[in-house]
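Before any comments, here is the structure.
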Amino acid sequence: MILEREEIKNYLPHREPFLFVDSVEEYERGKSIRARLFLDPNFGFFRGHFPENPIMPGILSVEALAQACGLLVALDAAESGKSGGKPKIFYLASSNVKFKKVVRAGETLELVGRMTKSFGGLSQFSVESLCGGAVAAEGSLVLAEAK
């Protein structure tokens, strides 16, 4: 493991209950990141999102992928000395994600982001989330650096 949840807070501005990355397992500067999120059955959204059969809302899966990709950019900035010691802020500018598998409370999501382009404060990624080794979601997203 490269980073744990408390260390991640040094790179992302998100906090509970909206921090959706528990750990970074792999990181290759400027190229890719692999992170994890345990879907704790106590997360508040599970109480109302199909309470008898709690599943992860698709939009929150996209948010988790965006946070993992934001971590990739933030780690790159920190390594190059461009972060100024503060978490970088990025906004989700675009997403095109298809959902392949329902993800349930108590499971672990593996979040994978691969940078495909970076230009003018925008970073484009190919993303996928996996659960139990099967692809749960895949697609692309763009993050825009806050000015």
Side-chain angles (χ1 to χ4, degrees), residues 1-5 7-80 83 87-146:
M1 181 181 327
I2 294 173
L3 291 176
E4 294 181 12
R5 192 171 184 88
E7 295 169 300
I8 288 167
K9 293 178 183 179
N10 294 325
Y11 299 95
L12 287 181
H14 304 80
R15 296 296 180 264
E16 291 79 7
F18 218 76
L19 178 58
F20 294 123
V21 181
D22 289 332
S23 64
V24 174
E25 305 297 319
E26 296 175 20
Y27 160 72
E28 186 175 356
R29 185 175 179 190
K31 294 187 179 181
S32 64
I33 193 162
R34 183 178 299 271
R36 292 191 188 276
L37 172 64
F38 172 66
L39 299 175
D40 188 330
N42 294 316
F43 282 158
F45 55 81
F46 284 132
R47 286 192 305 273
H49 200 249
F50 303 96
E52 299 301 314
N53 182 24
I55 64 172
M56 175 77 163
I59 194 65
L60 294 183
S61 293
V62 172
E63 176 65 24
L65 286 163
Q67 288 183 21
C69 291
L71 265 170
L72 171 60
V73 178
L75 288 166
D76 287 352
E79 281 192 11
S80 67
S83 70
K88 294 189 80 64
I89 296 177
F90 298 91
Y91 299 121
L92 179 59
S94 171
S95 67
N96 182 8
V97 176
K98 292 182 173 59
F99 302 98
K100 308 282 187 169
K101 177 183 185 308
V102 172
V103 180
R104 300 185 186 324
E107 296 182 316
T108 297
L109 265 185
E110 191 172 336
L111 309 164
V112 179
R114 295 175 190 88
M115 189 178 293
T116 56
K117 289 183 190 174
S118 183
F119 51 93
L122 297 174
S123 298
Q124 182 178 25
F125 300 87
S126 168
V127 295
E128 68 180 355
S129 64
L130 300 109
C131 187
V135 174
E138 63 185 355
S140 63
L141 57 86
V142 175
L143 298 180
E145 184 174 352

Could you tell me whether a side-chain N or O of [X] sits under 3.5 Å from a main-chain N or O of [Y], the two making a donor and an acceptor?
| X | Y | value |
| --- | --- | --- |
| H49 | P54 | no |
| D76 | G30 | yes |
| Q67 | F18 | yes |
| E7 | E4 | yes |

Worksheet item: More than 12 foreign heavy atoms under 6.0 Å from CZ of F38: is that the case here?
Response: yes

Worksheet item: Near K101 NZ, under 6.0 Å, is it more than 12 heavy atoms from other residues, nucleotides or ligands?
Response: yes

If every non-hydrogen atom of [X] is compared with every non-hydrogen atom of [Y], which pair is closest and at what distance?
| X | Y | value |
| --- | --- | --- |
| A74 | F90 | N-CE1, 4.5 Å |
| L37 | A64 | CD2-CB, 4.3 Å |
| A68 | A35 | CB-CB, 4.3 Å |
| V127 | G113 | CG1-CA, 4.2 Å |
| A144 | L122 | CB-CD2, 3.6 Å |
| L143 | A66 | CD1-O, 3.7 Å |

Distance check, rounded to the nearest 0.5 Å: [X] atom [atom1] versus [Y] atom [atom2]?
| X | Y | atom1 | atom2 | answer |
| --- | --- | --- | --- | --- |
| M115 | S123 | CE | OG | 4.5 Å |
| R36 | R5 | CZ | CZ | 15.0 Å |
| L111 | F20 | CG | CZ | 11.0 Å |
| I33 | R114 | CD1 | CZ | 12.0 Å |
| K98 | S140 | NZ | OG | 8.5 Å |
| L92 | L65 | CG | CG | 10.0 Å |

Discussion item. Using side-chain contact (heavy atoms from CB on, under 4.5 Å), reason through R104 and N53 one step at a time and then give a plain yes or no.
Written reply: CA-CA 8 Å; R104 300 185 186 324; N53 182 24; 3.6 Å; yes

Do [X] and [Y] come within less than 4.5 Å of each other through their side chains, counting heavy atoms only?
| X | Y | answer |
| --- | --- | --- |
| Y27 | L71 | no |
| L3 | V21 | no |
| D22 | T108 | no |
| S80 | R29 | yes |

Worksheet item: Can we say E16 and K9 salt-bridge, meaning some charged N sits less than 4.0 Å from an Asp/Glu carboxylate O?
Response: yes

Worksheet entry | Residue pair S23 / E25, side-chain donor-acceptor N/O under 3.5 Å | yes

Worksheet item: Applying the side-chain contact (heavy atoms from CB on, under 4.5 Å) test to M56, which of F45, F99, F43 qualifies?
Response: F45

Worksheet item: Only one of L72, V142, T116 forms a side-chain contact (heavy atoms from CB on, under 4.5 Å) with F125, so which one is it?
Response: L72

